[in-house]
Amino acid sequence: MRKNSIKNIRINSEVQRELSNIIRTEVKDPRIHPMTSVVAVSVAPDLKYCKAYISVLGDMDAAKETLEGLKNAVGYIRRALAGSLNLRNTPEITFILDQSIEYGVHMTRLIDEVVGTEEAGEESLEEEASEEEMRHEED
């Protein structure tokens with residue numbers, strides 16, 4: 001099975017859906033932040049290994065605690081995943097902190113700042129031009 005085959009894509013989406021459900025409803029570790037989401041899942045073609053990309057809404061400390069809680073609960077999560085999915089092998093799960101959402105928000109803020117300063121600069125140029133026109137009309 002190729003890495004991007006239809007079967008692999010379907011398995012990835014099923015594992016992602018079940019992982020997010022298990023983390024949200026069954027794992028009771030207080031270190032896991034309530035606003036934790038599974039952004040993406042990549043299951044190896046042989047179904048032995050799985051990388052789960054996790055995003056946490058909050059500060060970096062909450063993200064690190066959530067990742068630590070998930071790593072400690074990986075055995076329970078894997079057993080629950082085996083019970084809910086009918087796969088030949090239940091993959092070993094590796095949780096990876098995904099910061100792409102935070103990076104996107106940061107980049108949007110930077111773009112807004114640049115656009116805001118450009119608009120302020122254009123407004124000041126327009127004001128200077130209108131003042132200069134008034135001076136020419138007075139002469």
Side-chain angles (χ1 to χ4, degrees):
M1 175 170 61
R2 293 187 325 265
K3 187 167 181 126
N4 292 329
S5 69
I6 293 171
K7 181 179 178 184
N8 194 267
I9 292 169
R10 194 169 53 235
I11 289 172
N12 287 344
S13 65
E14 282 293 314
V15 170
Q16 178 181 356
R17 185 171 53 83
E18 288 299 322
L19 267 180
S20 63
N21 188 28
I22 291 167
I23 291 171
R24 186 181 64 244
T25 59
E26 296 181 25
V27 178
K28 303 294 185 208
D29 194 331
R31 293 176 290 183
I32 297 175
H33 196 272
M35 295 300 291
T36 301
S37 61
V38 180
V39 178
V41 170
S42 176
V43 179
D46 63 354
L47 303 177
K48 297 280 185 187
Y49 302 100
C50 170
K51 292 180 184 177
Y53 298 92
I54 304 296
S55 177
V56 179
L57 184 65
D59 59 349
M60 199 59 185
D61 293 334
K64 287 181 181 178
E65 281 186 17
T66 299
L67 202 58
E68 190 66 31
L70 288 173
K71 286 181 181 178
N72 284 346
V74 74
Y76 174 78
I77 294 170
R78 186 175 180 206
R79 189 169 38 257
L81 189 65
S84 62
L85 291 179
N86 186 16
L87 292 175
R88 180 177 46 226
N89 297 320
T90 303
E92 293 180 27
I93 305 167
T94 304
F95 291 105
I96 300 169
L97 187 61
D98 183 43
Q99 298 174 329
S100 62
I101 295 172
E102 293 151 10
Y103 179 75
V105 169
H106 175 69
M107 292 305 288
T108 303
R109 283 187 192 141
L110 291 177
I111 291 170
D112 289 344
E113 287 177 13
V114 169
V115 169
T117 56
E118 285 180 359
E119 287 177 357
E122 289 175 3
E123 289 174 2
S124 65
L125 289 176
E126 289 174 2
E127 290 174 4
E128 290 175 9
S130 64
E131 289 175 4
E132 194 169 313
E133 284 179 13
M134 288 182 178
R135 281 190 226 135
H136 286 300
E137 290 176 2
E138 291 175 358
D139 292 339

Contact between Ile54 and Asp98 at the side-chain level, heavy atoms closer than 4.5 Å - yes or no?
no
Closest non-hydrogen atom pair, Asn8 against Pro45:
ND2-CA, 3.8 Å
Hydrophobic cluster identity match, Val74 and Leu19, side-chain contacts under 4.5 Å:
yes
Find the distance between CG (Leu85) and CD1 (Ile22) and round it off to the nearest 0.5 Å.
7.5 Å
Check: Gln99 and His106 side chains under 4.5 Å, non-hydrogen atoms
no
Which pairs with one or both residues in residues 22-34 pass salt bridge (charged side-chain N to carboxylate O under 4.0 Å, His left out), sequence neighbours excluded?
Asp29-Arg31
Quick check against the 3.5 Å criterion: does Thr90 have a side-chain atom that pairs as donor or acceptor with the backbone of Arg78?
no
Residues in side-chain contact (heavy atoms from CB on, under 4.5 Å) contact with Arg10, at least two apart in sequence or another chain
Ile6, Lys7
Without swapping roles, check the side chain of Gln16 against the backbone of Val39 for a donor-acceptor pair under 3.5 Å.
yes
Applying side-chain contact (heavy atoms from CB on, under 4.5 Å), can you list everything that pairs with Thr94, at least two apart in sequence or on another chain?
Ile96
Checking side chain to side chain contact (heavy atoms under 4.5 Å, CB included) for the pair Asp46/Asn89: CA distance, chi angles, key distance, verdict?
CA-CA 8 Å; Asp46 63 354; Asn89 297 320; over 6 Å; no
Do Met60 and Phe95 share a hydrophobic cluster, counting only Ile, Leu, Val, Met, Phe, Trp and Tyr and linking them when any side-chain heavy atoms are less than 4.5 Å apart?
yes
Minimum heavy-atom separation for Cys50 and Val41, please, with both atom names.
SG-CG1, 3.5 Å
Kindly write out the residues that satisfy salt bridge (Lys or Arg N to Asp or Glu O under 4.0 Å) with Arg17, not counting sequence neighbours, or none if the list is empty.
Glu14
Could you state whether Leu67 and Tyr76 fall into the same hydrophobic cluster, counting links through intermediate Ile, Leu, Val, Met, Phe, Trp or Tyr residues with side-chain heavy atoms under 4.5 angstrom apart?
yes
So salt bridge (charged side-chain N to carboxylate O under 4.0 Å, His left out) across residues 59-70, not counting sequence neighbours, yields none
Answer with yes or no whether the hydrophobic clustering places Ile32 together with Leu57; edges join I, L, V, M, F, W, Y residues whose side-chain heavy atoms lie under 4.5 Å apart.
no
Where do Thr25 and Asn21 come nearest, in terms of heavy atoms and distance?
OG1-O, 2.6 Å
How would you list, by chain and number, every residue that makes a side-chain hydrogen bond (donor to acceptor under 3.5 Å, both in side chains) with Ser84, sequence neighbours excluded?
Glu18
Could you measure the distance from the CD1 atom of Ile11 to the OG atom of Ser42? Nearest 0.5 Å is fine.
11.5 Å
Less than 4.5 Å apart, side chain to side chain, heavy atoms only: is that true for Val43 and Leu87?
no
